[in-house]
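To start, the structure under review is shown below, and the notes come after it.
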Amino acid sequence: MAQLVPLPEVERLSASVVRILGGNPGKFTLQGTNTYLVGQGPRRILIDTGEGKPSWANNLKKVLADENATIHQALVTHWHHDHVGGISDVLGLCPGATIYKHQPAEGQTSIEDGQVFKVDGATLKAFHTPGHTVDHMMLVLEEEDAVFTGDNVLGHGTAVFEDLKAYLDSLQRMQDRVSGRGYPGHGAVIESATAKIGEYIRHRQQREDEIIRVLRYGKLDVGEGERSPERKLSWTPLEIVKIIYHNVPENLHLPAANGVIQVLNKLEDEGKVIHDADSGRWTLNVGKPAL
């Protein structure tokens with residue numbers, strides 16, 4: 001948290017985008033969940049709704065009054081509580097608003113892949129980008145050649161995911177989609193969305209390479225031409241975390257282990273590692289090249 005750039009509770013980011021923080025800063029939400037009021041006319045689109053903090057609802061009410069605007073549509077990027085928790089506040093402020101979400105709940109309308117949403121000053125095109133969650137959507141703001149990345153790409157650090165293969169496929173789909181900014185679900189504005197997504201793809205490959213190195217050698221620092229031990233090494237995900245994330249506080253090791261498990265599952269699908277379900281330990285499949 002100490003490394004994060006302070007963000008105002010409300011900030012105009014462009015002629016068509018106002019960011020309203022969710023009022024819920026924390027270890028996983030960074031400065032808080034970003035919600036965005038998009039458009040320029042009396043009818044606006046809201047992207048995400050925070051988690052229902054009174055401060056967020058009060059700030060949203062004030063922004064709408066200052067802008068002399070109402071929410072025409074609310075687009076929810078995914079189901080996590082810190083993005084859907086303020087839906088009732090939105091409907092309280094703007095009873096005529098339609099709530100859109102991929103795989104909608106009762107009373108909501110579905111967002112479909114390729115669907116276009118339009119108000120004065122803003123055209124948003126939605127794309128299904130699962131991985132962080134199965135219902136995750138990104139939204140391209142055509143007027144700015146910018147993208148609302150949801151939680152697939154953040155303004156600080158890296159994102160977590162439910163399904164690594166789907167997540168990597170989505171990052172590939174997102175890359176080169178726009179040439180401008182990224183407006184993330186958490187953190188500061190990303191000045192080049194394409195560059196940041198490229199960093200994310202390279203980071204995921206680096207993590208995979210590191211896990212394979214630990215499985216093969218039992219360490220990260222491997223000398224050129226160094227041979228792997230004759231005895232096959234086996235590891236639990238948490239043991240792998242303690243080597244790869246040795247400089248990360250221990251209270252973050254468990255969530256890091258979940259990411260390691262996702263990588264191991266992907267490698268198992270590719271035949272590169274073997275999982276002993278009884279012991280929970282993983283070994284490198286030396287019969288198949290891993291790198």
Spacing of CD belonging to Glu239 relative to CZ belonging to Arg281, to within rounding of 0.5 Å: 4.0 Å
Over-ring placement of Arg207 relative to Tyr245, 6.0 Å and 45° cut-offs: yes
Note, Phe117 side chain near Ile111 side chain (heavy atom, < 4.5 Å): yes
Separation between CG of Leu264 and CD1 of Ile240, rounded to the nearest 0.5 Å: 5.0 Å
Single-linkage hydrophobic cluster, 4.5 Å side-chain cutoff, Tyr217 and Ile211 together: no
Parallel, tilted or perpendicular: ring planes of His275 versus Trp282, cut at 30 and 60 degrees: parallel
Residue pair Ala69 / Arg44: nearest heavy atoms and the distance that separates them: CB-CG, 3.7 Å
Over all atoms of both residues, closest heavy-atom pair of Gly50 and Thr35: N-CG2, 3.4 Å
Electrostatic pair Glu199:Lys196 at N-O distance under 4.0 angstrom: yes
Thr33 side chain to Asp82 backbone, donor-acceptor under 3.5 Å: yes
N/O donor-acceptor pair under 3.5 Å between Thr49 side chain and Gly86 backbone: yes
Donor-acceptor under 3.5 Å (His253 side chain, Val248 main chain): yes
Full working for side chain to side chain donor-acceptor pair (under 3.5 Å) between Glu144 and Ser16: CA-CA 9 Å; Glu144 295 185 15; Ser16 295; 4.8 Å; no
Side-chain (Arg12) to main-chain (Ala15) donor-acceptor, under 3.5 angstrom: yes
Ser170 (side chain) donor-acceptor with Pro130 (main chain) under 3.5 angstrom: yes
His72 side chain to Thr98 backbone, donor-acceptor under 3.5 Å: no
Cluster link Val140 to Phe148, ILVMFWY, side chain under 4.5 Å: no
Check: Lys272 and Leu215 side chains under 4.5 Å, non-hydrogen atoms: no
Gap between atom NZ of Lys61 and atom CG of Asp89 - 0.5 Å precision: 11.0 Å
ILVMFWY cluster, Leu171 and Ile190 together (side-chain gap under 4.5 Å): yes
Same cluster (ILVMFWY, side-chain, under 4.5 Å), Trp235 and Leu220: yes
Whether Asn24 side chain and Lys53 backbone form a donor-acceptor pair below 3.5 Å: no
Contact check, side chains of Arg204 and Leu164, non-hydrogen atoms, under 4.5 Å: yes
From NE2 (His203) to CD1 (Ile197), nearest 0.5 Å: 15.0 Å
Asp113/Arg173 ion pair, N-O < 4.0 Å: yes
Heavy-atom closest contact (Ile47 atom, Val38 atom, distance): CD1-CG2, 3.9 Å
Evaluation steps, side chain to side chain donor-acceptor pair (under 3.5 Å), between His132 and Asn152: CA-CA 6 Å; His132 177 70; Asn152 270 3; 5.2 Å; no
Enclosure of Asp221 CG (heavy-atom neighbours >12, cutoff 6.0 Å): no
Distance (rounded to the nearest 0.5 Å) between Lys101 NZ and Leu75 CG: 12.5 Å
Basic-acidic side-chain contact under 4.0 Å: Lys266, Glu270: yes
Thr194 side chain to Val178 backbone, donor-acceptor under 3.5 Å: yes
Value rounded to 0.5 Å, distance of CD1 in Ile201 from OH in Tyr167: 9.0 Å
Tyr36 (side chain) donor-acceptor with Pro184 (main chain) under 3.5 angstrom: yes
Met138 vs Thr149 side-chain heavy atoms within contact, under 4.5 Å: no
Smallest separation among heavy atoms of Val153 and Tyr200, with atom names: CA-CE2, 3.7 Å
Face-on cation placement of Arg177 at Phe127 ring, 6.0 Å and 45° thresholds: yes
Side chain proximity check, Val189 to Arg19, heavy atoms < 4.5 angstrom: yes
Lys219, Arg213, Arg216 screened by salt bridge (charged side-chain N to carboxylate O under 4.0 Å, His left out) with Glu226, the one that passes: Lys219
Val116 vs Thr123 side-chain heavy atoms within contact, under 4.5 Å: yes
Side chain to side chain, Thr283 and Ser234, heavy atoms closer than 4.5 Å: yes
Co-members of the apolar cluster containing Leu64 [side chain, <4.5 Å]: Val10, Val18, Ile20, Leu37, Leu46, Trp56, Leu60, Val63, Ile71, Val76, Val84, Ile87, Val90, Leu91, Leu93, Ile99
Close side-chain approach of Leu252 and Lys27, heavy atoms under 4.5 Å: yes
Check ion pair Glu9-Lys62 (N to O, under 4.0 angstrom): no
Heavy-atom closest pair, residues Val134 and Glu162: N-OE1, 3.4 Å
Centroid-centroid under 6.0 Å between His80 and His136 rings: no
Any side-chain donor near an acceptor of the partner, Gln205 and Asp209, under 3.5 Å: yes
Evaluation steps, side-chain contact (heavy atoms from CB on, under 4.5 Å), between Val17 and Tyr183: CA-CA 9 Å; Val17 180; Tyr183 294 115; 4.1 Å; yes
Cluster link Val260 to Leu284, ILVMFWY, side chain under 4.5 Å: yes
Asn285 side-chain N/O to Ile274 backbone N/O, donor-acceptor pair under 3.5 Å: no
Worked verdict on Arg43 versus Asp120 for side-chain contact (heavy atoms from CB on, under 4.5 Å): CA-CA 7 Å; Arg43 299 195 309 169; Asp120 291 347; over 6 Å; no
For the student: nearest non-hydrogen atoms of Gln103 and Ser110, plus distance: N-OG, 4.4 Å
Whether over 12 other heavy atoms sit under 6.0 Å from Asp66 CG: yes
